[in-house]
Participant: 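Sharing a structure, written as structure tokens. Questions coming.
For this chain, numbers begin at 1 and follow the sequence in order.
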Amino acid sequence: MNTALVLSYVGTHFHGWQVQKNGPSIQETLETVLHRLTGQKMHVSGVGRTDAGVHARRYVANFKGNCTIPLDRLPFAMNSLLPEDIAVSAAVPVPEEFDARFDCTRKEYAYELFPSALRDPFLAARAYRTTYTLDAALMQAGAQYFVGKQDFAAVRSQGTPVKSTVRTVFWCEVETDGPLIRIRVCGDGFLYNMVRAISGTLLYVGCGKIAPDEVASILRSCDREQAGPTLPACGLYMNRLWYDHTPELATFNLHKLAVRN
């Protein structure tokens with residue numbers, strides 16, 4: 001049986017999604033809990049790799065194996081063994097060929113900035129604090145140049161080799177939420193550190209180091225040195241997911257707007 005899990009997590013104390021030799025990961029933690037509950041060693045596949053310190057308000061994973069626990073009770077059983085910073089909210093049977101990564105049609109990431117000269121301990125490791133004064137309207141203007149199908153080589157870090165650096169961004173929005181400025185980027189796929197580099201570029205737009213219309217020429221250059229910095233992982237969230245061809249997941253509002261409580 002192929003089972004999809006809907007979950008969320010705070011990534012501060014984990015070395016990302018994928019199993020690592022040098023520390024705990026979300027994937028390893030889920031697999032350990034499933035082994036304890038079922039007595040079987042199961043491989044859990046995730047919708048995407050999140051780096052160390054990155055969070056997920058929406059995340060989907062799947063595993064194949066015999067589970068005698070009723071699926072409506074499985075989230076409760078798993079949550080009783082999981083650490084407090086990981087929570088499973090649903091488990092549902094999906095077709096045998098379903099894969100959490102390849103069946104996802106689009107993703108939205110959010111990056112949260114906290115422009116302040118003073119620290120807020122309640123936002124530590126949940127948003128990136130910058131001492132720059134940021135103009136959200138300028139950032140919103142600059143964000144529109146990231147929308148569309150184009151080459152995003154200027155906002156990627158070197159990582160796993162890819163055949164193409166062309167991606168489609170459906171929207172890039174900048175909004176305020178109390179003391180925070182949130183950048184939301186939705187696309188059909190993302191290059192390594194792409195959203196964190198987009199966010200760093202928009203931070204430079206917001207503080208006046210880059211003019212909004214300069215973003216277009218930066219992207220055309222395909223030169224990573226011309227764009228803004230890659231911001232720290234602490235402000236990044238996997239925010240929304242779309243599974244357009246998987247009706248079994250339709251009732252879980254994976255694409256419903258997810259914002260900070």
Participant: Quick one: CD on Glu112 to SG on Cys234, what's the gap to the nearest 0.5 Å?
Facilitator: 10.5 Å

Participant: Please check if atom CZ in Phe76 has more than 12 non-hydrogen atoms from other residues, nucleotides or ligands closer than 6.0 Å.
Facilitator: no

Participant: Taking all atoms of both residues into account, what is the closest heavy-atom pair of Ala91 and Pro75, and its distance?
Facilitator: N-CG, 3.9 Å

Participant: Work out which heavy atom in Ala154 is nearest to a heavy atom in Ile218; give both atom names and the distance.
Facilitator: CB-O, 3.4 Å

Participant: Might you point out which heavy atoms bring Phe170 and Val147 nearest each other, and give the distance in Å?
Facilitator: O-CG1, 3.7 Å

Participant: Of the non-hydrogen atoms in Pro95 and Glu248, which two are nearest, and what is the gap between them?
Facilitator: CD-OE2, 3.6 Å

Participant: Please say yes or no: joined through hydrophobic side-chain contacts below 4.5 Å, possibly via intermediate residues, are Ile198 and Leu138 part of one cluster?
Facilitator: yes

Participant: Are Tyr192 and Val47 linked, directly or through other ILVMFWY residues, by side chains that come within less than 4.5 angstrom of each other?
Facilitator: no

Participant: At their closest point, which heavy atom of Pro229 faces which heavy atom of Tyr204, and how far apart are they?
Facilitator: CD-CZ, 3.5 Å

Participant: Grouping I, L, V, M, F, W and Y whenever their side-chain heavy atoms are under 4.5 Å apart, do Val166 and Val215 come out in a common cluster?
Facilitator: no

Participant: For a 4.5 angstrom cut-off between non-hydrogen side-chain atoms, does Pro232 reach Tyr111?
Facilitator: yes

Participant: Just so I know, are the side chains of Lys107 and Leu254 near enough to count as touching, which here means a heavy-atom distance under 4.5 Å?
Facilitator: no

Participant: Mind running side chain to side chain contact (heavy atoms under 4.5 Å, CB included) on Val6 and Leu249 for me, showing each step along the way?
Facilitator: CA-CA 9 Å; Val6 181; Leu249 292 172; 4.2 Å; yes

Participant: Taking the six-membered ring of Trp17 (Phe, Tyr or Trp), confirm whether the NZ or CZ of Arg49 is under 6.0 Å from its centre and within 45° of its axis.
Facilitator: no

Participant: Taking 4.0 angstrom as the limit, do Arg182 and Asp177 come out as a salt bridge?
Facilitator: yes

Participant: Please report the shortest heavy-atom distance between Gly142 and Leu202, naming the atom on each side.
Facilitator: C-CD2, 3.7 Å

Participant: Report yes or no: does Arg119 contribute a side-chain atom to a donor-acceptor pair with the main-chain N or O of Ser116 at less than 3.5 Å?
Facilitator: no

Participant: I'd like to check Ile181 versus Met139 (side-chain heavy atoms, cut-off strictly below 4.5 Å). Are they in contact?
Facilitator: yes

Participant: Between Arg196 (side chain) and Leu231 (backbone), is there a donor-acceptor pair under 3.5 Å?
Facilitator: yes

Participant: For the backbone of Trp242 and the side chain of Arg58, can you confirm whether one donor and one acceptor N or O come within less than 3.5 Å of each other?
Facilitator: no

Participant: Is the shortest heavy-atom distance from the side chain of Leu5 to the side chain of Val60 under 4.5 Å?
Facilitator: no

Participant: Salt bridge check: are Glu175 and Arg184 linked by an N-O gap of less than 4.0 Å?
Facilitator: yes

Participant: Do side-chain atoms of His255 reach the backbone of Ala250 as a donor and acceptor pair under 3.5 angstrom?
Facilitator: no

Participant: Could you tell me if the side chain of Thr3 sits less than 4.5 Å from the side chain of Val94, heavy atoms only?
Facilitator: no

Participant: Measuring from atom CZ of Arg240 to atom SG of Cys186, what distance do you get when rounded to the nearest 0.5 angstrom?
Facilitator: 7.0 Å

Participant: Between Gln226 and Thr201, does the side chain to side chain contact (heavy atoms under 4.5 Å, CB included) criterion hold? Intermediate values first, please.
Facilitator: CA-CA 9 Å; Gln226 293 194 32; Thr201 303; over 6 Å; no

Participant: Is Lys64 salt-bridged to Glu96, cutoff N-O under 4.0 Å?
Facilitator: yes

Participant: Got a sec, which pairs hit side-chain hydrogen bond (donor to acceptor under 3.5 Å, both in side chains) with one end in residues 68-94, sequence neighbours left out?
Facilitator: none

Participant: Would you give the length of the straight line joining atom OG of Ser164 to atom CG of Leu191, rounded to the nearest 0.5 angstrom?
Facilitator: 8.0 Å

Participant: Applying side chain to side chain donor-acceptor pair (under 3.5 Å), can you list everything that pairs with Thr105, at least two apart in sequence or on another chain?
Facilitator: Asp244

Participant: Is it the case that atom NE2 in His13 sees more than 12 heavy atoms from other parts of the structure closer than 6.0 Å?
Facilitator: no

Participant: Please answer whether the main-chain N or O of Ala100 pairs with a side-chain N or O of Asn62 as donor and acceptor at a distance below 3.5 Å.
Facilitator: yes

Participant: Tell me which donor-acceptor pairs under 3.5 Å the side chains of residues 205-214 have, and how far apart each pair is, sequence neighbours excluded?
Facilitator:
residue, atom, partner, partner atom, Å
Lys209, NZ, Tyr132, OH, 2.7
Glu214, OE2, Ala211, N, 2.8

Participant: Ignoring hydrogens and angles, tell me if any N or O in the side chain of His43 forms a donor-acceptor pair with the backbone of Phe63 under 3.5 Å.
Facilitator: no

Participant: List the steps, then state whether side chain to side chain contact (heavy atoms under 4.5 Å, CB included) holds for Val44 with Glu28.
Facilitator: CA-CA 8 Å; Val44 180; Glu28 180 185 26; over 6 Å; no

Participant: Ignoring hydrogens and geometry, is there a side-chain-to-backbone donor-acceptor pair from Asp51 to Ala233 under 3.5 Å?
Facilitator: no

Participant: Please report the interatomic distance CG(Leu241) to CG(Asn253), rounded to the nearest 0.5 Å.
Facilitator: 12.5 Å

Participant: CE of Met78 to CG of Leu30: how many Å apart, nearest 0.5 Å?
Facilitator: 5.0 Å

Participant: Report yes or no: do Tyr9 and Thr29 form a side-chain donor-acceptor pair below 3.5 Å?
Facilitator: no

Participant: Please step through side chain to side chain contact (heavy atoms under 4.5 Å, CB included) for the pair Val155 and Asn193, ending with a clear verdict.
Facilitator: CA-CA 8 Å; Val155 284; Asn193 282 343; over 6 Å; no

Participant: So Leu123 and Leu180, do their side chains get closer than 4.5 Å, heavy atoms only?
Facilitator: yes

Participant: Quick check: is Met42 connected to Leu7 through a chain of hydrophobic side chains (ILVMFWY, heavy atoms under 4.5 Å apart)?
Facilitator: yes

Participant: Side-chain heavy atoms under 4.5 angstrom apart, residues restricted to Ile, Leu, Val, Met, Phe, Trp, Tyr: same cluster for Val10 and Leu236?
Facilitator: no

Participant: Under the 3.5 angstrom rule, does the side chain of Ser8 hit a backbone N or O of Arg57 as a donor-acceptor pair?
Facilitator: no

Participant: Counting only heavy atoms not in Asn66, do more than 12 sit closer than 6.0 Å to its CG atom?
Facilitator: no

Participant: Evaluate the side-chain proximity of Arg156 to Asp151: yes if any heavy-atom separation is below 4.5 Å, no if none is.
Facilitator: no

Participant: Taking Gly228's backbone N and O only, do any of them form a donor-acceptor pair with Arg224's side chain (distance below 3.5 Å, no angle check)?
Facilitator: yes

Participant: Measuring only between side-chain heavy atoms, which start at C-beta, is Gln140 closer than 4.5 Å to Ile183?
Facilitator: no

Participant: Return yes if a side-chain donor-acceptor contact under 3.5 Å exists between Asn239 and Glu108, otherwise no.
Facilitator: yes

Participant: Please identify which of these residues, Trp171, Tyr237, Phe190, meets the ring pair (Phe, Tyr, Trp, His ring centres under 6.0 Å) condition with Tyr109.
Facilitator: Phe190

Participant: Mark yes or no for whether Tyr59, through its side chain, and Gly48, through its backbone, hold a donor-acceptor pair below 3.5 Å.
Facilitator: yes

